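Structure, as C-alpha cells:
Source: prediction; values computed, not measured.
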Amino acid sequence: MNNSSWFWPDVSNVEEAKKACRVAMWCAIFVAGVTTLFSLLALAGTKIANLPIDASALFDAALFAGIAFGLSRYSRFAGAAGFALFLFERIYMISKSGPAAGGLFMGIFILLGFLHGMRGAFAYHNPKQTLPFR
C-alpha cells in the first residue's frame with residue numbers, strides 16, 4: 001500500500017512513475033487541444049478575453065503534442081520540456097493579460113501534473129536510485 005496523494009504522488013516504484021507520466025501526458029494533450037482551439041479561433045478573427053494568442057500558437061500546440069508523445073514513452077527530456085515550456089508560457093500569459101485571463105488557477109494544477117510527469121520520468125529511468133524529490 002502506498003501513501004500517495006493527489007498533489008504529491010509517490011514515484012518510488014515503476015508503476016507509480018508510469019502513472020505520473022500518464023497524468024502529464026494527458027495534461028500535454030489537454031494543453032495542445034485548448035491551444036489549437038484558441039489559435040484557430042484567433043485565426044478566424046475572434047478575440048477571446050484579451051488573450052495574447054494568434055495563429056503562431058499552433059506551433060506551441062505542436063510542441064505540446066510532441067511532449068505528450070514523449071511522455072507516453074516516459075522520456076525524461078519530454079518531462080522536463082513540458083514542465084519548463086508550460087511554466088514559461090503561464091508566466092508570459094499572466095504578464096500580458098493578468099492572473100484571471102492567464103489561467104492562473106487551472107494553470108497551477110496543470111503545472112503540478114507536468115511536475116509529477118517530470119518526476120515520474122526521472123524515477124522510471126532510475127528506479128533503484130534515491131532521488132531527493134521523491
Side-chain angles (χ1 to χ4, degrees):
M1 182 92 187
N2 73 22
N3 243 352
S4 186
S5 65
W6 68 271
F7 61 90
W8 197 258
D10 180 28
V11 292
S12 61
N13 64 45
V14 173
E15 288 306 312
E16 294 297 320
K18 285 181 177 181
K19 285 181 188 176
C21 284
R22 280 193 294 271
V23 167
M25 179 195 71
W26 284 109
C27 287
I29 289 170
F30 176 77
V31 170
V34 169
T35 303
T36 300
L37 176 69
F38 283 167
S39 63
L40 290 176
L41 287 173
L43 188 63
T46 305
K47 189 73 172 163
I48 301 172
N50 293 330
L51 292 177
I53 295 178
D54 56 8
S56 67
L58 286 172
F59 179 71
D60 290 340
L63 285 176
F64 277 109
I67 287 168
F69 178 76
L71 284 166
S72 73
R73 304 288 189 254
Y74 315 114
S75 166
R76 290 175 284 194
F77 178 78
F83 178 76
L85 183 62
F86 190 77
L87 177 65
F88 292 137
E89 286 192 357
R90 284 303 102 190
I91 290 170
Y92 173 75
M93 293 288 281
I94 290 169
S95 71
K96 291 293 183 185
S97 59
L104 175 67
F105 302 109
M106 186 161 187
I108 289 172
F109 291 109
I110 294 173
L111 186 65
L112 201 56
F114 279 120
L115 174 66
H116 299 320
M118 182 173 60
R119 290 176 56 231
F122 278 92
Y124 176 80
H125 290 285
N126 298 312
K128 303 276 188 228
Q129 184 180 7
T130 304
L131 298 175
F133 49 84
R134 279 199 180 164

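In the hydrophobic clustering of ILVMFWY residues, with side-chain heavy atoms under 4.5 Å counting as a link, L87 and W26 come out together. One hydrophobic cluster, built from ILVMFWY side chains closer than 4.5 Å, cannot hold both F69 and F83; they sit in different ones. L63 and L58 sit in two unconnected hydrophobic clusters of ILVMFWY residues. Membership requires side-chain heavy atoms under 4.5 Å apart, directly or through other members. Cluster membership for I91 and M118, using ILVMFWY side-chain heavy atoms within less than 4.5 angstrom, is shared. A chain of hydrophobic side-chain contacts below 4.5 Å, direct or via other Ile, Leu, Val, Met, Phe, Trp or Tyr residues, connects L37 to V31.
Between H116 atom NE2 and D10 atom CG the span is 11.5 Å, to the nearest 0.5 Å. A distance of 10.5 Å separates CG in L104 from CZ in F109, rounded to the nearest 0.5 Å. Interatomic distance, CD of E16 versus SG of C21, reported as 11.5 Å (0.5 Å rounding). In this structure, OG on S56 lies 10.5 Å from CG on L43, to the nearest 0.5 angstrom. Distance check, rounded to the nearest 0.5 Å: CE of M25 to NZ of K18 gives 13.0 Å.
Smallest separation of non-hydrogen atoms from S75 and A121: O-CB, 3.6 Å. Of all the heavy atoms in D54 and A42, the pair that sits closest is CA-CB, 4.0 Å. The minimum heavy-atom distance between V11 and G120, with the atom names listed, is CG1-CA, 4.1 Å.
F64 and F86 have perpendicular rings, their planes meeting at more than 60° on a 0 to 90° scale where under 30° would count as parallel.
Side chain of S39 to main chain of T36: a donor-acceptor pair is present (N/O by atom type, distance under 3.5 Å, no hydrogens or angles). In this structure a side-chain-to-backbone donor-acceptor pair under 3.5 Å is present from H125 to Y74. Between the side chain of T35 and the backbone N or O of A32 there is no donor-acceptor pair closer than 3.5 Å.
Looking at heavy atoms from C-beta onward, D60 lies in side-chain contact with E89 at the 4.5 angstrom threshold. The shortest side-chain heavy-atom distance between M93 and I53 falls under the 4.5 Å cut-off.
With C27 as the partner, the side chain to side chain contact (heavy atoms under 4.5 Å, CB included) test is satisfied by one option alone out of L111, I67, I110: I110.
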